[in-house]
*Asks:* 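Handing you a structure now.
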Amino acid sequence: MEFPKRFLFGAATSAHQVEGNNIHSDWWAWEQSTSGVHQSGKAADHWNRFREDFALAKNLGHTAHRLSIEWSRIEPRPGEFNKKALEHYREVLLELRKQNIKSFVTLHHFTNPEWLAQKGGWETGYAVERFEIYVRYVSQQLGELVDFWVTINEPMVYASQSYWRVKWPPQKRSLISMMRVIGNLAKAHRSVYRILKMVHPNIPVGFAKHLVAYIPEHAKRLDSQMFVKIKDWWFNKRFFSLTRGAYDFIGVNYYFPGINWQTWHGPKSDLGWPVYPEGLTHVLKGMKRYKKPIYITENGIADADDSRRADFIREHIRAVRDAIAQGVDVRGYLHWSLLDNFEWADGFAPRFGLIEVDYSTMERTVRPSAYVLKAFTEHV
Ligand code: BGC
């Protein structure tokens, strides 16, 4: 089967994970002030090497690229917009245009300006108001260079890691806070959806939703089925209800199934995540009900020796094709990630890149599996 016409292939990154020296963000502050956490430092130095990185992506056949704009660079202090940072992102987007690579631009990918965090971050309505101001500014300044807007990356992951699982700043454990954060993120998305459409009505707007493939452990048992239904509703579907009517496409980030990882005997990533490609078909079918085009905005594996990534790519793309064959409107696949990068609380050890980064020299080396993805790009 050929891919649908204009099917996009490429890779994704996020600012804090690749750029380096994001000194005004809450993550940076947390990295400096908390003992025992990894420091992002220069990350992959993508801030200075984006041209080289996009040239590599181009050589690998990529026709789309997802990146994020770092709010804390654009607005290092409330109401103070940094022209230099803005011009940098203009150059980045111009470079993608020049290479004929479509851009997916994320406006919030886990990090916040430190000044916002100090005022209570996403637990407050203040975050919604400030996000509106930042988004209006960025869309007015850069919108004409953007092909797709991704407002917020993985709202449920952000809320649970930061306000329930105590893994990420501000490391809180409060159900009330987590619920408040989810509510504010949904509100912020709805509100900036309107703003973005007002400024550039033709640019599609969506969010990137982490989806877990929930499969009942005992297919025939009612309690097992019910349990899976509740989890699927809470984690996968609820954010769509909260944002109904305010997205033009669906961004799907898929990594693993929601099963007991300890008893999983199949292949695993370096992080111990089960590899389960059929789960991608499963979650894509679950998105059919929303009747919107779908882009895979992330899918990848931590695999330092590149021994499993080639199969991972082949099998997950097959899973996408299966979903398409079953009537799901999937229009693109972006691999996570273009480059090795700062994997949040796990630091630099997990290697997700199609391109390996030697952090001592910042030298880039294309991994063999990157050519497996390239071969698919030749069939569009
Ligand atoms: C996030 C990325 C992260 C990736 C791998 C996704 O949840 O959007 O920032 O690096 O998963 O863990």
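Read the numbers this way: they start at 1 and go in the same order the structure lists the ligands and their atoms. For this chain, numbers begin at 1 and follow the sequence in order. Everything numeric here is computed off the predicted structure, so don't read it as measured data.
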*Asks:* Find all atoms of ligand 1 within a distance of less than 4.0 Å from any non-hydrogen atom belonging to His109, and give their numbers and elements.
*Replies:*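 Those qualifying, in numeric order: 1 (C), 2 (C), 8 (O), 9 (O).
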
*Asks:* Which one of Tyr255, Trp344, Phe352 has a non-hydrogen atom at the shortest distance from atom 4 (C) of ligand 1?
*Replies:*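 Looking at heavy atoms only, Tyr255 sits closest to atom 4 (C) of ligand 1.
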
*Asks:* Starting from atom 9 (O) of ligand 1, which protein heavy atom do you reach first, and at what distance in Å?
*Replies:*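 Going by distance alone, atom 9 (O) of ligand 1 is nearest to Gln17 OE1, 2.7 Å.
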
*Asks:* Considering only non-hydrogen protein atoms, determine which one is nearest to atom 7 (O) of ligand 1 and report residue, atom name and distance to 0.1 Å.
*Replies:* Glu154 OE1, 2.5 Å

*Asks:* For a side-chain contact (heavy atoms from CB on, under 4.5 Å) with His109, tell me which candidate from Glu154, Glu70, Gln17, His16 qualifies.
*Replies:*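 Running side-chain contact (heavy atoms from CB on, under 4.5 Å) over Glu154, Glu70, Gln17, His16 with His109 returns exactly one hit, Gln17.
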
*Asks:* Within the 4.0 Å heavy-atom shell around Asn153, which atoms of ligand 1 are there?
*Replies:* 8 (O)

*Asks:* Quickly, which of Lys292, Lys291, Lys197 forms a salt bridge (Lys or Arg N to Asp or Glu O under 4.0 Å) with Asp248? Name it, please.
*Replies:* Lys197

*Asks:* Do you see a donor-acceptor pair shorter than 3.5 Å between the side chains of Tyr126 and Asn184?
*Replies:*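 Looking only at side-chain atoms, Asn184 and Tyr126 do not form any donor-acceptor pair under 3.5 Å.
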
*Asks:* Pick from Trp264, Trp261, Phe312, Tyr214: which one makes a ring-ring contact (aromatic ring centres under 6.0 Å, His included) with Phe256?
*Replies:*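 Of all the options given, the one that passes is Trp261.
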
*Asks:* With a cut-off of under 6.0 Å to the ring centre and 45° to the axis, is Arg173 in cation-pi contact with Trp164?
*Replies:* yes

*Asks:* Within 45 degrees of the axis of the six-membered ring of Trp336 and under 6.0 Å from its centre: does Arg66 put its NZ or CZ there?
*Replies:*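 Verdict for Trp336: no cation-pi partner in Arg66.
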
*Asks:* Heavy atoms only: which of Glu298, Glu343, His210, His16 lies closest to atom 1 (C) of ligand 1?
*Replies:* Glu298

*Asks:* Return yes when Trp273 approaches ligand 1 closer than 4.0 angstrom through a heavy atom, no otherwise.
*Replies:*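 Heavy atoms of Trp273 do come under 4.0 Å of ligand 1.
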
